[in-house]
Amino acid sequence: MWLPSFQLEGKTAVVTGAGRGIGRALAVGLAEAGADVAIVARTEGDLLEVAGEIRETGRKAYICRADVTNRSQVEAALAEVVSQAGQLDILVNNAGMNIRTPALDVTDEEWDTIVQTNLKSAFLMSQCAGRHMKEAGGGRIINVASVAGHMALRTGVVYGSTKAAMIQMTKILALEWGKHNILVNAIGPWYFRTPLTEKLLQNDEFVAEVLSRTPLKRIGDLRDLVGPVVFLSSEAANYITGQTLFVDGGMTIYGF
């Protein structure tokens, strides 16, 4: 019997927004699965800590301090990764943020900031990584979307719009790049304990509402996201592209 491997030995992964929260957990998880990992963020102090965790697994860590909404910085960062590691096999587009403003009060500045951070950065990273992957004969791209891109939630119109666009971008890139053996997928988390959600999840009433819509009746643990990303990065997912895997405790199947 042929059993597909979930191991990532010999692979090099790039994770954006890797300084904290989901990005940090995914970067370390990919290293534990065998990949060398390039971590990208704007704050070098956070990156140094994550690099230390990656190296403790026995894998190489490459630090890339860059603004992922800036094309020249993205191109320079990925060129440096390829120069040092010799390859770029996996890209995880995790960089993201939110400003919870009611739709009638959203400013142009808020719109531009969220769209650039959540959506433009993912496209720039994918486009640049895609060129390297095409030349190398293939690769994997995993976008960190959200259930907010699939369901109407009170996370804000701009955030939800960017995550819906990311899910659609995943499909289109998968369609265009399949012929180059570049597989593009996404994960869609529900609520996890991260710096972005910390204050919200200190509100007992809010947590109770979240749990009432979650069949598994718990807030997600960051470790719950590692397995799906390792799976989509591995040969076990060789025939999967253009899909969004919701890691949500069952939230998106909830009915009344």
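Sequence positions, counted from 1, serve as the residue numbers for this chain. Model, not experiment: these values are computed from the prediction.
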Would you say the side chains of T252 and D248 form a donor-acceptor pair under 3.5 Å?
yes
Sorted by first residue and then second, give each salt bridge (Lys or Arg N to Asp or Glu O under 4.0 Å) pair with at least one member in residues 189-212; sequence neighbours left out.
R154-E209
Considering the options R59, K11, K60, which one meets the salt bridge (charged side-chain N to carboxylate O under 4.0 Å, His left out) requirement together with D36?
R59
V92 and F246: same hydrophobic cluster, using ILVMFWY side-chain contacts below 4.5 Å?
no
Closest heavy-atom contact between M97 and I114?
SD-CG1, 3.5 Å
Side chain to side chain, E110 and T107, heavy atoms closer than 4.5 Å:
yes
Testing the 3.5 Å rule here: is there a donor-acceptor pair between the side chains of R140 and N181?
no
Correct closest heavy-atom pair for A148 and T155 would be CB-OG1, 3.6 Å
Shared hydrophobic cluster, I142 / F123 (ILVMFWY, side-chain heavy atoms < 4.5 Å)
no
Minimum heavy-atom distance between T12 and A85, given as atom pair plus value:
OG1-CB, 3.7 Å
Considering all heavy atoms of both residues, which atom of I187 and which atom of P228 are nearest to each other, and what is their separation?
CG2-CB, 4.3 Å
C64 and V81: which non-hydrogen atoms are nearest, and at how many Å?
SG-CG2, 3.6 Å
One pair to check against side chain to side chain contact (heavy atoms under 4.5 Å, CB included): I141 and N185. What are the steps and the verdict?
CA-CA 6 Å; I141 297 174; N185 292 290; over 6 Å; no
For the pair T117 (side chain) and T113 (backbone), establish whether a donor and an acceptor sit closer than 3.5 Å, ignoring hydrogens and angles.
yes
Look only at the side chain of N238 and the backbone of E235, and say whether a donor-acceptor pair between them is shorter than 3.5 Å.
yes
Is a side-chain N or O of K134 found less than 3.5 angstrom from the main chain of W177, in a donor-acceptor match?
no
Is a donor from one side chain sitting under 3.5 angstrom from an acceptor on the other, for Q73 and R65?
no
Between T16 and N94, do the side chains contain an N or O donor and an N or O acceptor separated by less than 3.5 Å?
no
Classify the angle between the aromatic ring planes of F206 and Y191 as parallel (below 30°), tilted (30 to 60°) or perpendicular (above 60°).
perpendicular
Check the surroundings of atom CD in E135: do more than 12 heavy atoms from other residues, nucleotides or ligands lie under 6.0 Å from it?
no
Electrostatic pair D105:R100 at N-O distance under 4.0 angstrom:
no
Can V14 be reached from V50 by stepping across I, L, V, M, F, W or Y side chains whose heavy atoms are under 4.5 Å apart?
no
Going by heavy atoms in the side chains, are Y159 and I99 under 4.5 Å from each other?
no
May I ask you to test the F192-V247 pair for a side-chain heavy-atom distance under 4.5 Å?
yes
Whether T43 side chain and G45 backbone form a donor-acceptor pair below 3.5 Å:
no
Side-chain donor-acceptor contact under 3.5 Å, T57 with E32
no
Taking the side chain from E53 and the backbone from V28, do they hold a donor-acceptor pair closer than 3.5 Å?
no
Locate the shortest heavy-atom distance separating A27 from V15; write the atom from each residue and the value.
CA-CG2, 4.1 Å
